[in-house]
Amino acid sequence: MVQSVTGPIAAGRLGITLMHEHVLVDFIGAREVNPSRYDPDQAFKVALPHLVKVRELGCECVLECTPAYIGRDVRLLKRLADASGLHILTNTGYYGAANDKYLPPHAFTETADQLAARWVREAVHGIDGAAIRPGFMKIGVDEAPLSDVDAKLVRAAATAHRATGLPIASHTTTGAAAMAEIELLDRAGVSAGSFIWVHAHNERETSFHTRAAKGGAWVEFDGVAEDSISRHVELVRHMKTEGLLGRVLLSHDAGWYHVGEPGGGAFRPYTILFTKLIPALAEAGITKDEVRQMLVENPRRALTGA
Ligand SMILES: [Zn+2]
């Protein structure tokens with residue numbers, strides 16, 4: 001079973017899953033972030049047609065990767081799931097990238113176990129007073145070597161994983177940082193199969209992708225966009241050559257109703273993967289079954305640890 005914002009669903013029913021998208025983000029920082037800074041009805045109206053559209057393209061499940069203190073709004077996500085018919089998953093965890101701008105003060109003062117206890121509480125009791133539980137963890141780290149607080153977030157995620165089974169998706173822009181996280185998790189008794197290396201496409205050195213995937217980690221090439229198609233095809237072909245397509249995840253990292261911009265600014269659609277990338281992959285010799293593996297089977301396994 002996987003927790004969506006509307007309740008538990010059987011993992012076998014997830015279908016095509018986008019592993020990394022956003023509905024709403026607020027980059028004001030942990031100090032000032034607040035739901036009163038936006039009108040949820042307006043955000044709902046902006047995001048809904050995009051979610052309906054991706055459902056029409058055959059997608060059934062979207063992981064919303066906006067963490068707490070960057071604008072995670074689980075009630076908005078539940079309304080959107082109900083209205084679009086999509087399964088939407090939300091997350092627990094803290095984002096330590098961007099030089100800690102999105103970490104609340106208690107992230108610095110509490111122990112890893114105390115932070116883990118907060119995340120486990122959300123997984124067991126729900127988020128922000130709603131009966132809406134996370135389907136995964138989302139953390140984020142800056143470059144290697146990991147800072148003290150970033151390493152603490154990884155250890156907290158390990159503890160919360162052991163308690164809840166939730167996979168750990170981590171915003172990680174370099175292979176060196178991903179390796180450091182995988183090693184910390186290993187020391188905490190958590191296998192790499194519970195770790196999703198978010199933004200792996202930002203690492204230019206493909207040997208890191210090979211190493212991470214051979215070690216059992218999930219390598220997520222998100223950021224699929226109009227101008228990224230050849231890059232994504234190249235990355236997927238590399239992984240196919242290495243026999244590692246069974247560890248690849250794909251998504252857009254799109255959406256983004258920007259709090260603070262008029263009308264939420266330019267909302268990027270969740271469609272390019274279907275309209276541009278899949279045809280380009282086919283042309284490059286990636287079979288239908290292999291595409292299905294990356295969009296259906298790998299997400300299901302990443303979310304359930306199966
Ligand atoms: Zn993202």
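All values below were derived from every heavy atom in this structure, side-chain atoms included, with hydrogens, water molecules and symmetry-related copies excluded. Whatever order the structure lists ligands and atoms in, that order sets their numbers, starting from 1. This structure is a prediction, so every number in the text was calculated from the model and none was measured.
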**Report entry** Charged N-O contact under 4.0 Å between Arg155 and Asp150
**Finding:**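 No, no charged N to carboxylate O under 4.0 Å.
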Requested in this report: Starting at OG1 of Thr172, measure out to CE of Met179 and round the result to the nearest 0.5 Å.
Outcome: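 So the gap between those two atoms works out to 10.5 Å.
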Query raised in the report: Side chains of Leu277 and Leu281: closer than 4.5 Å at any heavy-atom pair?
Result: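 Heavy-atom side-chain distance check passes, below 4.5 Å.
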Requested in this report: Keeping to residues at least two apart or across chains, list the salt bridge (Lys or Arg N to Asp or Glu O under 4.0 Å) pairs with something in residues 103-114.
Outcome: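 Sorted pair list: Glu110-Arg118.
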Query raised in the report: For Thr66, what residues pass the side chain to side chain donor-acceptor pair (under 3.5 Å) criterion, not counting sequence neighbours?
Result: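 So Thr66 forms a side chain to side chain donor-acceptor pair (under 3.5 Å) with His22, Glu64.
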Query - Under-2.8 Å protein N/O/S neighbours of the Zn ion (ligand 1), ordered by chain then residue number - result: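 Less than 2.8 Å away from the Zn ion (ligand 1) sit His20 NE2, His22 NE2, Asp253 OD1.
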Query - Which residues share a side-chain contact (heavy atoms from CB on, under 4.5 Å) with Lys276, sequence neighbours left out - result: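 Listed in chain order: Glu226, Ile229, Ile272.
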